[in-house]
Structures are given as C-alpha cells and as structure tokens.
Amino acid sequence: MRLLLIAGLGLVGALALLSATQPWASFKLELGAAAQDHLSVTGQEFNQSLSPLALAVLAGALALTIAGKIFRRVLGVVLALLGAGISAVAITVLIDPSAASLARVTKLTGLAGGSAQDAIAGTSLTVWPIVTAALGVLVALLGVLVLAVSGRWATAGRKYETSTKRVESDEPDRIADWDALSDGDDPSDADPDADEDAESPAAGAADPEAPRA
C-alpha cells in the first residue's frame, strides 16, 4: 500500500506538471484587435501557481519515503489541499475561460477590462483542463488515503538492527579498550581468572600428603 500510494502520487504529480504546459484553450480575436487572430493559452499561462502546485505534489511523494508517523499524516493533509488547489485552478478555467485569460489577452492586445473581453470573438477549450481537474481530485483522494492508513506503516529502523539479540563478537572492541586503559587496566593482559585456573591443581588429582588406604 505504501509503495502504491507513493508511486501514484508521483505519477499524478508528474501528469499535472505536464498538463500545465499544454494548451488549455484557444481564442479567436476580433479582426484588428491584435497582430494575430488566434491565441492559444496554456494552463501555466492561465494560472502561474499550477506548476508549483504540481511540483509540491512530487515533493510530498518524495518526502513520504522518509517521513515519520506524525509527519506522514501532516503530508496527507497537505497533499489533499494541493489536490484541491489544482482542481480549483482547472475548474475556474472551465467555468469562464474568457475571464481567466484576460491577462493574456491584455498582454497581447494592450486592451484591459471590458475592452479585452470584447476583443475575444470565440473560445475553444481542449481536454487538458478536464484532465487536470480529474488529476487534482485524484491527488486529494490519495492525500486523504495517506492520512487514513499511514499510521499503520512500519517505521524503518537502524540499518543493521534486528529483533533478535545480537551475538557477541570476538573481535577486539577499540572503544572498550580505551575505556579500560582510562581505568588503569591493560586490555592486552591475559584474563587473571584464567591464569589462576591454570595454576591451580587439576580437579580430582590426588593429594600426595593424603594418607593411603
């Protein structure tokens, strides 16, 4: 589930970024209003916040790969809001593309306000605003799903940590050796207990001074 959500968010974010560069609408301008009779407007030209919103979705998907339990839920809320923002931009264009493109028409024709609106003789929408609105809804749904299920995701532990007890290593521990030297002990000396055991008489050996039977 975790991998599917992250991959889905990455894919949808990339598609939303692609849609921002595609033509969303074309306008036929009144004759003589500008040097050209037709105007094509991309999603990014309709609203410059569209690409940053899509990039934020990609960044959120990447952040989910390393986020902790609480931060994952925060990201779920943020992603849901980003999806709502993407859909809002696309729906605004779908409702009134002429009003949404006034800034672009003004830049091209030099007309503003009602004059710019009157300079538009016809409007033709492409499929991209509809696709973008659907992508925004999908991002919002995935964000809500992240918020709902990310609390059950396993948190990555240390690289070499396992649930079983570690086996003590026979390799020398340099840190422990330095600590021993600081305490006045020489870690290179043999175990004194072992020496005492070696010097003691073997278990079960007969005492030469013991009376014979």
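The first residue in the sequence is number 1, and the count goes up from there. The structure presented is a predicted model; accordingly, all values stated were derived computationally and were not measured.
- Shortest non-hydrogen contact noted between Leu64 and Arg2 is O-NH2, 3.4 Å.
- Residue pairs meeting the side-chain hydrogen bond (donor to acceptor under 3.5 Å, both in side chains) criterion with at least one partner in residues 125-137, sequence neighbours excluded, are Ser19-Thr132.
- For the atom pair Ile95 CD1 and Ile91 CD1, the distance stands at 6.5 Å (nearest 0.5 Å).
- Note on Leu17 and Val89: separate hydrophobic clusters, where clusters join Ile, Leu, Val, Met, Phe, Trp and Tyr whose side-chain heavy atoms are under 4.5 Å apart, directly or indirectly.
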Output a table of donor-acceptor pairs, distance under 3.5 Å, between side-chain atoms of residues 48-60 and any protein atom two or more places apart or on a different chain; print 'none' if there are none.
| from | atom 1 | to | atom 2 | distance (Å) |
| --- | --- | --- | --- | --- |
| Ser49 | OG | Asn47 | OD1 | 2.5 |
| Ser51 | OG | Gln44 | OE1 | 2.7 |

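- Listed by chain and number, the residues in a side chain to side chain contact (heavy atoms under 4.5 Å, CB included) with Thr65 are Ile6, Leu62 (sequence neighbours excluded).
- Residues satisfying the side chain to side chain contact (heavy atoms under 4.5 Å, CB included) test with Leu94, not counting sequence neighbours, are Leu125, Pro129, Ile130.
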Show every donor-acceptor pair shorter than 3.5 Å between a side-chain atom in residues 133-145 and any protein atom, with sequence neighbours excluded, or say none if there are none.
none

List the atom pairs, with distances to 0.1 Å, where a side-chain N or O of residues 77-86 and a protein N or O form a donor-acceptor pair under 3.5 Å, not counting sequence neighbours.
none

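- Looking only at distances, no side-chain donor or acceptor of Arg73 sits under 3.5 Å from a matching main-chain atom of Leu147.
- In the hydrophobic cluster analysis, where Ile, Leu, Val, Met, Phe, Trp and Tyr join through side-chain heavy atoms closer than 4.5 angstrom, Val127 is grouped together with Phe46.
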